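These notes concern the structure reproduced below.
All figures in this text were calculated on a predicted structure; none of them were measured in a lab. In each ligand, atom 1 is the first atom listed, and ligand 1 is the first ligand listed.
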Amino acid sequence: MSELLRDLDFFNLDDLLTTEERATRETVKRFVQREVLPQVERHFADETFPKELVPQMAELGMFGANIKGYGCAGMNNVAYGLIMQELEAADSGLRSFASVQSALSMYAIYANGTEEQKNRYLPDMAKGKLIGCFGLTEPDHGSDPGGMETRARRDGDGWVLNGAKRWITNGSIADVAIVWARVDEGFTGFLVEKGAPGFSTRDIHGKFSMRASITSELIFEDVRLPKTAQLPAARGLKAPLGCLTQARYGIAWGAIGAARTCYNCALDYVKSRKQFSRPLAGYQLVQAKLVRMLTEITKAQMVCLRLAHLKDEGKMRPEHVSFAKRNNVNEALKIAREARDMLGANGIVNEYPVIRHMMNLETVNTYEGTFDVHTLILGRDVTGEAAFD
Ligand SMILES: Cc1cc2nc3c(=O)[nH]c(=O)nc-3n(C[C@H](O)[C@H](O)[C@H](O)COP(=O)(O)OP(=O)(O)OC[C@H]3O[C@@H](n4cnc5c(N)ncnc54)[C@H](O)[C@@H]3O)c2cc1C
């Protein structure tokens, strides 16, 4: 096993995990070691997603892992979180794929679809035979999805969809897009299948972050949709926001994986690199950085484990998720930047994974509610005053 994937468990949190949860983590670790690490730098350099890994990820039950029924693994939320952690220890792009497939696309159908829609899509999505994407963000509306301009109007029994979505993970490789649109009654969601006349995608290139993940624009020009394309329980923005809560939950865990890889890498490096009279690890300034990293990773682990237990007990609030996503991603980003610094010039080359994680985490800090937006959500929670309406 790569030394970079080793666990960091200062407070023996493993004692709080079940045998199954630990086994799930080890299985994903082995998959990451065997299949992902050897090729992730190449995919990042080439701006490609390793699509050939999808069947294996499906085989391991990673898609819709915490959904019960419909061919999904039905794991608890600790196991689901550990999967996200280990995937992101390799690359945030891989975790993004799993998050979008599971927590955004499959969950959207699971929570808002008819039995017919669930049976049609979920089993094949769990098998990785169908890929999903989630189109909420638009070119002019990111943090404020309520401003969306994509519109669906009724046309006889069905609908006609017009508009554009931007920054959509998996957009051009998805077989089905969950598209959120304005309708006369407010907002709702639609299932738009690849190849629908008037529906096209265009990939976004030139990213310095999330390069091993596909990010696309979705364009809808008079796309005719049958009545059965609408997710009937998706009424209002609560529906997409409910999906985001699921995805943010996984991101809070995933960030720990990225931070842990950066910490492990920096620790190994400073132990072996000698400057002046001794290894870098022997200098107080370097130790202070390592201790800060250790502290923040450990705190993030504790937050996630408690969050998972609350989620399993049905007591998790969206604000708990905001707290965890905001804190864990921001701390992971700081850890990655600090590790990059500790590697000196070697910190800027892809011989080490640190700069890739650092750049990926810039996206993770922005998507699924920016750091500032989660600050506003928590600010509203503690004061009762919404500072962003
Ligand atoms: C690689 C990648 C993949 C993505 N994948 C998806 C996807 O699959 N599906 C999807 O729908 N979207 C996706 N997104 C979009 C992402 O969710 C948005 O980028 C995010 O919501 C922020 O929106 P924005 O980029 O328009 O920034 P803006 O909303 O314009 O924000 C810009 C800055 O202003 C700040 N800001 C905004 N509002 C306020 C306020 N009221 N007070 C103070 N500060 C404020 C923000 O915190 C931020 O710092 C992805 C983005 C990236 C980069």
Legend entry - SB check Glu331 Arg292 (cutoff 4.0 Å): yes

Legend entry - Element-labelled atoms of ligand 1 that are located less than 4.0 Å from some non-hydrogen atom of Leu376: 40 (C), 41 (N), 42 (N)

Inset, instruction - Give a yes or no on whether a salt bridge exists between Glu362 and Lys207, defined as a side-chain N under 4.0 angstrom from a carboxylate O. - result: no

Inset, instruction - Output yes when the distance from some N or O of ligand 1 to some N or O of Trp167 is under 3.5 Å, and no in every other case. - result: yes

Legend entry - Atoms of ligand 1 close to Glu368 [distance to a heavy atom under 4.0 angstrom, numbered from 1]: 17 (O)

Inset, instruction - Determine the sole option in Glu88, Gln301, His357, Glu86 for which the side chain to side chain donor-acceptor pair (under 3.5 Å) test with Arg260 is passed. - result: Glu86

Inset, instruction - Run the numbers for me: atoms of ligand 1, each under 4.0 Å from some heavy atom of Gly142, listed by number. - result: 21 (O), 23 (O), 24 (P), 26 (O), 29 (O)

Legend entry - Proximal atoms of ligand 1 relative to Ile168 (non-hydrogen, under 4.0 Å): 7 (C), 8 (O), 9 (N), 10 (C), 11 (O)

Inset, instruction - From atom 10 (C) of ligand 1, work out which of Asn360, Val179, Val100, Thr137 has a heavy atom at the shortest distance. - result: Thr137

Legend entry - Closest to atom 52 (C) of ligand 1 among Ile214, Thr363, Asp144 (heavy-atom distance): Thr363

Inset, instruction - Find out whether Leu161 and Val179 are in side-chain contact, i.e. whether some heavy atom of one side chain is under 4.5 Å from a heavy atom of the other. - result: yes

Legend entry - Between Trp159 and Phe190, ring centroids under 6.0 Å: yes

Legend entry - Numbering as shown, the atoms of ligand 1 that approach Phe134 to under 4.0 Å (heavy-atom distance): 7 (C), 8 (O), 9 (N), 10 (C), 11 (O)

Inset, instruction - Could you check atom 25 (O) of ligand 1 against the protein and tell me its nearest heavy-atom contact, residue, atom and distance included? - result: Thr366 CG2, 4.4 Å

Inset, instruction - Mark yes or no: Arg182 above the aromatic ring of Phe187, with NZ or CZ under 6.0 Å from the six-membered ring centre and no more than 45 degrees from the axis. - result: no

Inset, instruction - Salt-bridge test for Lys325 and Glu368: reply yes if a basic N is under 4.0 Å from a carboxylate O, no otherwise. - result: no

Inset, instruction - Check ligand 1 against Thr370 and write out every atom of the ligand that is under 4.0 Å from a heavy-atom position of the residue. - result: 22 (C), 46 (C), 47 (O)

Inset, instruction - Please say whether Thr169 places an N or O atom under 3.5 Å from an N or O atom belonging to ligand 1. - result: yes

Legend entry - Lys194 to Phe199 six-membered ring, cation-pi geometry met (6.0 Å, 45°): no

Legend entry - Proximal ligand 1 atoms for Leu136, defined as those under 4.0 Å from one of its heavy atoms: 11 (O)

Inset, instruction - Pick out which of Thr245, Val303, Leu310 makes a side-chain contact (heavy atoms from CB on, under 4.5 Å) with His320. - result: Leu310

Inset, instruction - Among all protein heavy atoms, pick out the one at the shortest distance from atom 37 (C) of ligand 1; state its residue, atom name and that distance to 0.1 Å. - result: Ser143 OG, 3.6 Å

